[in-house]
Protein chains: 2
Amino acid sequence: MTEASKKHDGIREGEIQGMMPDQFDASVYFIGRIHTPFQTRAECPRRGDPEQGPVCTIELDARFVDALRGVDAYEHIAVLYWMDQARRDLLVQNPKHDGGLAGTFALRSPVRPNPIALSIVRLIRIGGATLTVRGLDCVDGTPLIDIKPEFTGGRKPCHA
Amino acid sequence: MTEASKKHDGIREGEIQGMMPDQFDASVYFIGRIHTPFQTRAECPRRGDPEQGPVCTIELDARFVDALRGVDAYEHIAVLYWMDQARRDLLVQNPKHDGGLAGTFALRSPVRPNPIALSIVRLIRIGGATLTVRGLDCVDGTPLIDIKPEFTGGRKPCHA
């Protein structure tokens with residue numbers, strides 16, 4: 001890995017690029033697409049707002065619609081999606097372009113070895129294979145990879 | 001897809017098996033391994049407990065250690081891991097073997113199209129590439145795929 005002392009290959013001051021493994025270990029299916037009002041990464045908020053954010057839709061691939069049974073019981077759901085526009089090889093990043101450096105695992109940046117994003121969103125309704133939600137922060141068309149009921153890690157949901 | 005009216009191919013009463021897509025869309029790196037006291041899936045708790053659960057360790061691949069910079073500022077972190085022992089094709093499941101059916105996306109079951117698990121854990125310490133935590137619920141040796149600071153979806157952390 002090389003400390004980038006000057007900008008090259010899109011790397012900013014102080015950022016560190018890692019050597020990725022030679023091969024992948026497992027594979028994912030894109031199980032749907034997320035639709036938001038954000039057409040470019042520059043338009044995306046730093047973090048979605050499940051209460052005040054714009055209404056977005058999740059279009060699940062029709063083959064998976066039976067897997068939604070019971071999801072409507074949840075006020076909040078966890079949405080996992082694949083940030084397919086991001087590079088994967090930065091270990092230390094300069095997210096605000098201001099010299100403040102942080103490790104990739106201390107950031108929600110799309111730049112990470114596995115570009116999986118997680119948002120907790122408010123579920124407004126489900127109709128067929130379409131979920132209407134608030135709280136997403138990604139570019140329109142982003143691939144969906146999972147939906148989970150929101151009770152993570154044994155911790156009680158904040159909204160309880 | 002076929003409604004399973006009797007047990008076959010490991011499918012229980014009422015479970016529904018889906019047709020998976022013909023090909024995968026993206027790939028993941030295993031970036032480390034999780035060590036827990038649970039040697040089999042039967043020993044795993046239904047959900048980890050970040051306060052009272054056993055101490056577990058996350059052994060990050062040494063090539064990613066620089067990406068931990070700043071993670072120690074967080075009391076809780078989100079850990080994503082790959083449940084590599086699970087089948088992926090059930091849409092409706094009978095998780096308690098009692099006839100109570102639920103869609104895969106209403107469950108934390110390891111059986112899902114992309115077998116990615118999420119736990120919020122308490123971070124006890126970081127030493128080199130080893131994170132010591134409480135709150136994991138997976139089998140010893142489970143592959144790690146991501147670590148994120150715990151502030152999901154615009155919601156304030158519960159511990160704040």
Side-chain angles (χ1 to χ4, degrees), chain A residues 1 16 18-21 24-31 47-51 53 61 63-64 66-71 73-74 76-78 80 82 84 91-92 101-108 112-114 116 118-121 135 137 143 145-149 151-156 158, chain B residues 1 16 18-21 24-31 47-51 53 61 63-64 66-71 73-74 76-78 80 82 84 91-92 101-108 112-114 116 118-121 135 137 143 145-149 151-156 158:
Chain A
M1 64 193 71
I16 298 175
M19 286 287 288
M20 292 294 103
F24 291 109
D25 297 290
S27 297
V28 300
Y29 299 113
F30 294 165
I31 62 170
R47 209 174 301 168
D49 180 338
E51 308 308 324
D61 184 336
R63 74 175 68 229
F64 297 111
D66 283 340
L68 290 173
R69 193 187 298 184
V71 173
Y74 292 89
H76 292 86
I77 54 175
L80 276 68
W82 190 266
D84 57 355
L91 304 177
V92 172
L101 297 170
T104 292
F105 300 135
L107 296 170
R108 286 186 79 232
R112 50 204 320 115
N114 294 309
I116 298 167
L118 162 67
S119 285
I120 307 299
V121 304
D137 58 5
I145 55 172
D146 203 6
I147 294 170
K148 296 178 189 294
F151 41 52
T152 47
R155 204 186 51 174
K156 289 186 178 60
C158 283
Chain B
M1 71 195 68
I16 297 175
M19 285 288 290
M20 292 294 104
F24 291 110
D25 296 291
S27 297
V28 301
Y29 299 114
F30 294 165
I31 63 170
R47 208 174 301 166
D49 180 339
E51 307 309 321
D61 183 337
R63 72 175 71 227
F64 298 112
D66 283 340
L68 290 173
R69 195 188 297 185
V71 174
Y74 293 89
H76 292 86
I77 54 176
L80 276 69
W82 190 266
D84 57 356
L91 304 177
V92 172
L101 297 170
T104 292
F105 300 136
L107 296 170
R108 288 185 78 233
R112 50 206 319 118
N114 294 307
I116 297 168
L118 161 68
S119 285
I120 308 299
V121 303
D137 58 6
I145 56 172
D146 202 7
I147 295 170
K148 297 179 187 295
F151 40 53
T152 48
R155 206 187 47 175
K156 290 186 179 58
C158 283

### Task
Among B:Pro143, B:Gly70, B:Pro113, single out the residue with the greatest number of heavy-atom pairs under 4.5 Å to chain A.
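Max contact count across the listed options: B:Pro113.
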
### Query
Taking every heavy-atom pair that is under 4.5 Å apart, which of B:Ala102, B:Gly103, B:Ala73, B:Ser27 has the most such pairs with chain A?
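Between B:Ala102, B:Gly103, B:Ala73, B:Ser27, the count favours B:Ser27.
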
### Query
Where on B:Ile31 is there a heavy atom nearer than 4.5 Å to chain A: the side chain, the backbone, both, or neither?
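It is the side chain, since no backbone atom gets that close.
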
### Task
Begin from the C-alpha positions of A:Met20 and B:Arg63 and carry the test side-chain contact (heavy atoms from CB on, under 4.5 Å) through to its verdict.
CA-CA 8 Å; A:Met20 292 294 103; B:Arg63 72 175 71 227; 5.5 Å; no

If we ignore hydrogens and angles and just use 3.5 Å, is the side chain of [X] paired with the main-chain N or O of [Y] as donor and acceptor?
{"X": "A:Asn114", "Y": "B:Tyr29", "result": "yes"}
{"X": "B:Arg108", "Y": "B:Leu118", "result": "yes"}
{"X": "A:Arg47", "Y": "A:Gly135", "result": "no"}

### Task
Pick one of side chain, backbone, both or neither for A:Ile77, based on which atoms fall under 4.5 Å of a heavy atom in chain B.
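For A:Ile77, there is no contact with chain B at all, as no heavy atom is under 4.5 Å.
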
